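Predicted model, so just to flag it, every value in this text is computed and none were measured.
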Protein chains: 2
Amino acid sequence: MGNKLDNQTIASISDLGRRFSDTTILMHEAIAQKAGLSGTDHKYLGLLMQKGAMTAGDLAKLTGLTTGAITGLVDRLEKKNLAKRVFDGEDRRKIMIVPNTEQAMTLLGGIFADLQHKMVNLLSTFSDDELTLIKTYLVATIDVMNDVTRTLQDTDNP
Amino acid sequence: MGNKLDNQTIASISDLGRRFSDTTILMHEAIAQKAGLSGTDHKYLGLLMQKGAMTAGDLAKLTGLTTGAITGLVDRLEKKNLAKRVFDGEDRRKIMIVPNTEQAMTLLGGIFADLQHKMVNLLSTFSDDELTLIKTYLVATIDVMNDVTRTLQDTDNP
DNA sequence: CTAAAAATCTTAGTTACTAAGACAAATGTA
DNA sequence: TACATTTGTCTTAGTAACTAAGATTTTTAG
């Protein structure tokens with residue numbers, strides 16, 4: 001009986017994990033649309049904001065896109081005044097892609113503030129021990145997914 | 001001090017939530033690539049497997065795609081023998097899109113079994129009370145994200 | 001000093017989609 | 001019962017975002 005309940009619980013949590021991811025995607029699509037961005041541009045702008053200025057080559061490596069696609073992406077962000085190209089002082093081949101943090105915050109800050117506020121309210125209902133457990137679960141699940149991804153990619157490239 | 005720690009904990013969990021979603025996407029992209037599918041086809045095949053046979057119109061509503069896009073998607077899945085069109089007995093305008101569960105399981109079953117196995121191992125390390133807490137967190141966070149999404153969509157269409 | 005490598009952009013082609021219209025079938029109305 | 005309207009899917013034209021390969025400039029290696 002206990003074993004049966006465990007299986008149901010495990011299936012339930014797996015399903016919740018999937019819904020968590022699906023819901024995150026939908027929320028980000030809604031945020032992007034609200035900000036007048038495509039999902040793709042929103043996603044990579046977020047990455048640029050998080051990691052800071054970087055070269056086009058580095059952004060290509062980070063995202064898995066080709067350098068041609070990065071050129072197009074930066075063109076689109078530049079056009080919307082969300083990022084700019086700054087020539088590298090030392091290496092004239094290189095450019096640094098610099099996010100326009102101020103403009104991006106103007107566009108997205110309010111939306112994320114709302115989300116942040118709601119998450120703070122939610123997380124404040126948990127005790128420190130409970131929050132530690134939640135972190136443990138999230139970290140461990142991320143590790144499992146990374147492990148599965150690595151296994152798949154390793155067998156693709158023998 | 002406690003308040004400061006809370007803010008760090010909350011920031012940490014928010015960051016883990018983001019990493020959880022990112023990692024899920026990367027894992028599914030790796031699964032899709034392993035199965036010889038595009039990310040898009042893999043995503044919607046998964047939806048079809050989960051929800052069962054449905055009309056093209058229903059699939060359009062569920063996914064937010066136009067009926068033209070659904071035609072293309074079903075063409076691609078049909079071509080890979082992963083789904084087929086079955087004409088509706090009653091309404092000759094309608095077709096039912098029927099997933100080829102056997103073929104899909106042949107393609108993806110092993111990969112998901114590996115993931116499932118790893119997740120079962122992980123979740124078995126938690127007590128029943130801990131699993132209940134994890135579910136509470138996942139459900140509540142999904143609710144918050146749905147709330148944010150609804151708010152954004154409502155103000156788009158006044 | 002020259003060859004090779006690196007960094008980014010350009011170009012051609014592909015994929016997956018949207019929007020609008022075509023066509024067949026079902027439903028509603030007088 | 002006949003016709004108008006609506007519904008469901010497919011087709012077509014056009015767009016967005018990408019990959020792959022090559023062009024160009026610059027840096028590095030020998």
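Distance OH (A:Y44) to P (D:dA16): 18 Å, rounded to an integer number of Å. Rounded to a whole Å, the CG atom of A:D88 is 14 Å from the C1' atom of D:dT25. Per the geometry, NZ belonging to A:K79 stands 11 Å off C1' belonging to D:dA16, to the nearest Å. Remark: C1' of D:dT25 and CZ of A:F87 are 11 Å apart, rounded to the nearest angstrom. In this structure, the CG atom of A:L65 is 12 Å from the P atom of D:dA17, given to the nearest Å. Distance, A:E90 CD to D:dT25 P: 22 Å, rounded to whole Å. B:E29 has its CD atom 13 Å from the C1' atom of D:dC18, to the nearest Å. Atom CD in A:Q33 sits about 16 Å away from atom P in D:dA16, given to the nearest Å.
Salt bridge annotation for B:R19-B:D22: absent, with no cationic side-chain nitrogen under 4.0 angstrom from a carboxylate oxygen.
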Distance-only donor-acceptor hits, side chain of residues 129-136 of chain B, under 3.5 Å, sequence neighbours excluded:
| from | atom 1 | to | atom 2 | distance (Å) |
| --- | --- | --- | --- | --- |
| B:E130 | OE1 | B:S127 | N | 2.9 |
| B:T132 | OG1 | B:D128 | O | 2.9 |
| B:T136 | OG1 | B:T132 | O | 2.9 |

Only pairs under 3.5 Å count here: list side-chain donor-acceptor contacts from residues 67-77 of chain A, not counting sequence neighbours, and write none if there are none.
| from | atom 1 | to | atom 2 | distance (Å) |
| --- | --- | --- | --- | --- |
| A:T71 | OG1 | A:T67 | O | 3.1 |
| A:D75 | OD1 | A:R85 | NH1 | 3.0 |
| A:D75 | OD1 | A:R85 | NH2 | 3.2 |
| A:R76 | NE | A:D41 | OD1 | 2.9 |
| A:R76 | NE | A:D41 | OD2 | 2.9 |
| A:R76 | NH2 | A:D41 | OD1 | 2.7 |

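Looking at residues two or more places apart in sequence or on another chain, you find a side chain to side chain donor-acceptor pair (under 3.5 Å) between A:D91 and A:R93. A search for side chain to side chain donor-acceptor pair (under 3.5 Å) contacts involving B:D58 returns B:T55, not counting sequence neighbours.
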Requested in this report: Encode nucleotides 4-11 of chain C as B, S and - characters from 5' to 3', where the letter depends on protein heavy atoms closer than 4.0 Å: B to the base, S only to sugar-phosphate, - to neither.
Outcome: --BSBBB-
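Residue-level contact check: A:G39 touches neither bases nor backbone, having no heavy atom under 4.0 Å from any strand. Residue B:T66 is in base contact, counting any heavy-atom pair closer than 4.0 Å across all strands shown.
Through direct or indirect side-chain contacts shorter than 4.5 Å among Ile, Leu, Val, Met, Phe, Trp and Tyr, B:I25 is connected to A:I25.
For A:R92, no side-chain nitrogen or oxygen approaches OP1 or OP2 of D:dT25 to under 4.0 Å.
Judged purely by atom type and a 3.5 angstrom limit, A:S12 has no side-chain atom pairing as donor or acceptor with the backbone of A:Q8.
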